[in-house]
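Reviewing the structure listed below.
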Amino acid sequence: MWTYDKPYDVIVIGAGHAGAEAALASARMGCETLLLTMNLDTVAQMSCNPAVGGIAKGHMVREIDALGGEMALNIDAAGLQFRMLNRRKGPAVQAPRAQADKKAYQFRMKQVVEKQPGLDLKQGTLEELLVDGGRVRGIITRSKTVFLGKTVVMTTGTFLKGLIHIGDFSYSAGRAGEQSAERASEGLLRLGFELGRLKTGTPPRVNARSIGYGATQVQPGDEHPRPFSYHTAKITQEQIPCHLTHTTPVTHDIIRQNLSRSAMYSGRIQSVGPRYCPSVEDKIVKFPEKEQHQVFLEPEGYNTLEVYLNGLSMSLPEEVQIEVVRSIPGLEKAQVMRPAYAVEYDYVPPTQILPTLETKPIRGLFFAGQINGTTGYEEAAAQGIMAGINAALQVKGEHALLLDRSQAYIGVLIDDLVTKGTDEPYRMFTSLAEYRLLLRQDNADLRLTELGRRVGLVPDGLYARFKARKAAVEAERRRLQQVKITPSEHVQEHLRQADSSALNKPMPLADLLRRPELDYRFVEAVAPPPQDVPEDVRESVEIEMKYEGYIQRQKAQVARFRDVEKKAIPEDIDYTTLPVISREAAEKLRRVRPRSLGQASRIPGVSPADISALMVVLKARQGARGAAWH
């Protein structure tokens with residue numbers, strides 16, 4: 001055993017989507033950072049779906065970008081098809097999504113990491129954490145090298161005792177073809193952590209030249225693709241179409257006849273899989289009335305013929321998988337290049353971490369990504385950047401950065417994890433956010449860039465671009481509120497063509513824009529702005545104007561929410577000694593140790609009556625100390 005001659009401020013374990021963001025964040029904040037990965041060739045590898053974004057997930061990618069992260073820039077450079085989802089629905093649920101050239105995505109992120117000053121990328125496997133006096137001091141690798149560090153961020157993905165299943169065949173691996181980390185789980189148990197077991201899976205990949213695309217439905221990208229990053233001027237690469245097909249009654253029969261050979265239904269897999277991304281076996285068993293399920297054919301890159309069969313995740317034997325695939329329209333002659341598989345892995349139930357993502361048992365140790373029970377690249381990257389930021393801030397002796405539920409989807413994600421925990425892979429949805437009209441994908445920069453700047457992740461050039469966009473939004477808002485349109489024949493004719501009622505007196509452009517049947521293009525036609533307004537500025541202004549009443553209502557709700565969040569709960573309170581609180585609530589409160597009354601109210605098993613009783617106790621306690629309760 002020997003000790004590496006360079007001590008680090010932050011050591012990040014694992015170079016997936018969480019690890020890359022964590023390491024880049026801490027290094028960009030001026031901390032000497034080590035990023036340790038089991039395989040240098042798999043930095044930011046897309047192990048499953050070759051895509052970024054989607055409902056709520058796309059929101060988080062733009063939030064990562066606003067804070068100064070890399071994921072949005074990376075997908076803008078490596079995307080092969082871009083779509084804005086839910087265009088016909090309200091602005092709260094519209095979200096960007098892009099198919100990625102998975103190798104281009106991986107290689108670009110690896111290069112960004114390698115070029116980052118203050119960041120060392122090394123190959124190695126975590127064997128043990130060095131802990132002294134309840135604080136992490138560094139790590140020991142499998143090759144018996146000691147790396148000393150002031151903080152450690154663990155982003156181990158599916159590698160903690162990873163076990164892959166294909167039918168009745170199983171083997172230890174964190175990903176197909178890669179070894180699992182067997183000893184790290186044992187070390188966490190010795191340090192007092194409770195571990196759980198989760199499962200995820202991936203579908204087969206097939207050769208594009210064996211697909212009969214004529215039997216499928218083409219799914220093109222947007223004609224004018226929108227970038228993910230606020231700092232990408234334009235998407236210039238050629239877009240490749242995806243295609244849509246579906247399972248058939250024959251598909252379902254094959255699966256039913258072979259359920260006993262499925263690792264999931266034969267009893268070989270005991271852990272819980274993702275509820276909202278179920279295996280095809282689950283779909284057939286749980287929704288027997290459905291005659292078909294969608295299967296999306298998604299290309300994996302410009303320079304490969306591999307096609308990802310989204311919607312066909314399974315753990316059946318390989319020969320059965322081929323039968324299943326070939327029972328689907330367009331795939332009758334498909335050549336399976338990689339079989340589907342399920343993977344089980346250890347995770348740490350996240351009520352054992354703080355809102356900073358630092359662990360409760362060990363100071364200076366942070367967890368991010370699937371180790372906390374989440375699923376998805378975007379959820380992992382969001383946690384990664386926050387863990388990297390807070391590890392760096394701790395090293396610097398500065399206050400942690402916390403995002404609450406009214407500020408960001410990232411805040412919703414972390415609060416759900418640390419307050420409610422999870423016993424199944426957690427996935428973000430817009431429905432989980434109470435203030436989703438405020439947390440839109442179009443305004444992530446307006447919500448978070450100042451915070452990214454404050455911690456040192458938004459450099460001068462990007463900050464100047466943000467300030468210019470913010471000023472343009474504010475200027476156009478003022479123009480629409482101040483400029484009045486008169487009932488001229490020109491205006492009345494435009495209103496008739498739009499099936500909108502005529503004007504009988506001058507009206508501010510803002511009021512005109514609030515009419516449901518009119519949009520910004522109409523206002524622009526009857527009263528052109530003095531200079532061209534960028535599309536992203538038009539979008540933000542139009543949404544703010546059209547939904548102003550609803551937005552103000554949510555802002556009032558946020559004010560009440562923050563008032564309760566300010567009511568702090570002392571860390572030393574002993575809930576078991578409070579007879580006014582139920583035994584179940586006392587146990588849940590003791591386990592989570594909420595920081596505020598608001599957080600306490602969101603803990604499952606803690607009733608409104610318990611919260612009222614706790615409020616009385618805390619007010620009395622503060623009164624006895626002669627201080628107001630804040």
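In this text, all values refer to a predicted model and were calculated from it rather than measured experimentally.
- With S26 contributing its side chain and A23 its backbone, the two residues share a donor-acceptor pair below 3.5 Å.
- The pair E539-R226 meets the salt-bridge criterion, since a charged nitrogen lies less than 4.0 angstrom from a carboxylate oxygen.
- Between T245 atom OG1 and L309 atom CG the span is 9.5 Å, to the nearest 0.5 Å.
- Remark: the T449 side chain and the D445 side chain contain no N/O donor-acceptor pair separated by less than 3.5 Å.
- The CD atom of E378 sits 9.0 Å away from atom CZ of R97, with the distance rounded to the nearest 0.5 Å.
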>> Walk me through whether R87 and D222 qualify under side-chain contact (heavy atoms from CB on, under 4.5 Å).
In response: CA-CA 11 Å; R87 280 188 180 275; D222 290 343; 3.3 Å; yes
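- Atoms OH and CG, on Y105 and N74 in that order, are 5.0 Å from each other to the nearest 0.5 Å.
- A salt bridge links E493 to R496: one of the charged nitrogens lies within less than 4.0 Å of a carboxylate oxygen.
- Annotation: the span from R478 atom CZ to Q481 atom CD amounts to 9.0 Å, rounded to 0.5 Å.
- Atom CE of M386 sits about 5.0 Å away from atom CD1 of I414, to the nearest 0.5 Å.
- Using a 30° and 60° split on the angle between ring planes, Y377 and H17 fall in the tilted class, from 30° to 60°.
- Checked for salt-bridge contact, E565 and R405 miss the test: no charged N lies under 4.0 Å from a carboxylate O.
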>> Run the side-chain contact (heavy atoms from CB on, under 4.5 Å) test on L451 and L401 for me, step by step, so that the C-alpha distance in whole Å, both residues' side-chain angles and the decisive distance to 0.1 Å come before the verdict.
In response: CA-CA 8 Å; L451 293 176; L401 176 63; 4.2 Å; yes
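- Pairing each heavy atom of G90 with each of Y547, the nearest pair is CA-OH, 4.3 Å.
- Remark: the backbone N or O of Q407 is paired with a side-chain donor or acceptor of D404 at under 3.5 angstrom.
- Of all non-hydrogen atoms in L518 and A498, the two that sit nearest each other are CD2-CB, 3.6 Å.
- A donor-acceptor contact closer than 3.5 angstrom is absent between the side chains of N86 and Q94.
- The line from CD1 of I389 to OG1 of T356 is 12.0 Å long, rounded to the nearest 0.5 Å.
- Of all non-hydrogen atoms in L448 and L67, the two that sit nearest each other are O-CD2, 3.8 Å.
- A salt bridge does not link E63 with R440: none of the charged nitrogens is closer than 4.0 Å to a carboxylate oxygen.
- Checked by atom type and distance alone, the side chain of T155 never pairs as donor or acceptor with a backbone atom of A368 at under 3.5 Å.
- Side-chain atoms of E21 do not come within 3.5 Å of backbone N or O of G384 as any donor-acceptor pair.
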>> salt bridge (charged side-chain N to carboxylate O under 4.0 Å, His left out), that's the test. Do E535 and R469 meet it? Break it down for me.
In response: CA-CA 11 Å; E535 182 183 358; R469 183 179 119 78; over 6 Å; no
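- A donor-acceptor pair under 3.5 Å is absent between the side-chain atoms of H59 and the main chain of I55, judged by distance alone.
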> Can you list the steps and then say if R602 with E434 is a salt bridge (charged side-chain N to carboxylate O under 4.0 Å, His left out)?
Replying inline: CA-CA 12 Å; R602 295 189 293 275; E434 303 93 321; 5.6 Å; no
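- The closest donor-acceptor contact from the side chain of D101 to the backbone of Y302 lies under 3.5 Å.
- Judged purely by distance below 3.5 Å, without hydrogens or angles, the side chains of R515 and S500 pair a donor atom with an acceptor atom.
- Side-chain contact check for E476 and Y520: at least one donor-acceptor pair (N or O, by modelled atom type) lies under 3.5 Å.
- Between D563 and K566 no salt bridge is recorded (no basic side-chain N to carboxylate O distance below 4.0 Å).
- The main-chain N or O of E298 is never found under 3.5 Å from a side-chain atom of N310 such that the two would form a donor-acceptor pair.
- A donor-acceptor pair shorter than 3.5 Å cannot be found between the side chains of N443 and S540.
- Contact detail for A527 and I485: the closest heavy-atom pair is CB-CD1, 4.1 Å.
- Between Y409 and Q441, the side chains place no donor N or O within less than 3.5 Å of an acceptor N or O (distance only, hydrogens not considered).
- Remark: R62 qualifies as a cation-pi partner of Y230 under the 6.0 Å distance and 45° angle criteria applied to the six-membered ring.
- Counting all heavy atoms, side chain and backbone alike, A51 lies closest to Q99 at CB-OE1, 3.6 Å.
- With respect to the salt-bridge test (charged N to carboxylate O, under 4.0 angstrom), the residues R427 and E379 do not qualify.
- For the residue pair Q292 / T247, no side-chain donor-acceptor distance below 3.5 Å is found, with atom types taken as modelled.
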> For R454 and E450, what are the C-alpha separation, side-chain angles and deciding distance, and is it a side-chain contact (heavy atoms from CB on, under 4.5 Å)?
Replying inline: CA-CA 6 Å; R454 192 182 77 195; E450 293 288 0; over 6 Å; no
> side-chain contact (heavy atoms from CB on, under 4.5 Å) between V592 and Q599: does it pass, once the steps are laid out?
Replying inline: CA-CA 9 Å; V592 175; Q599 186 184 2; 4.0 Å; yes
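- With respect to E474 and R477, no salt bridge is recorded, no charged nitrogen being found less than 4.0 Å from a carboxylate O.
- Under the 3.5 Å distance criterion, the side-chain polar atoms of T216 are left unmatched by any main-chain donor or acceptor of L244.
- Aromatic rings from Y308 and F296 are positioned such that their centres are separated by 6.0 Å or more.
- At least one donor-acceptor pair closer than 3.5 Å links the side chain of Q352 to the backbone N or O of P349.
- In terms of modelled atom types and a separation under 3.5 Å, the side chain of D610 and the main chain of A585 share no donor-acceptor contact.
- Minimum interatomic distance between R479 and P530 (heavy atoms only, all atoms of both residues): CD-CD, 3.8 Å.
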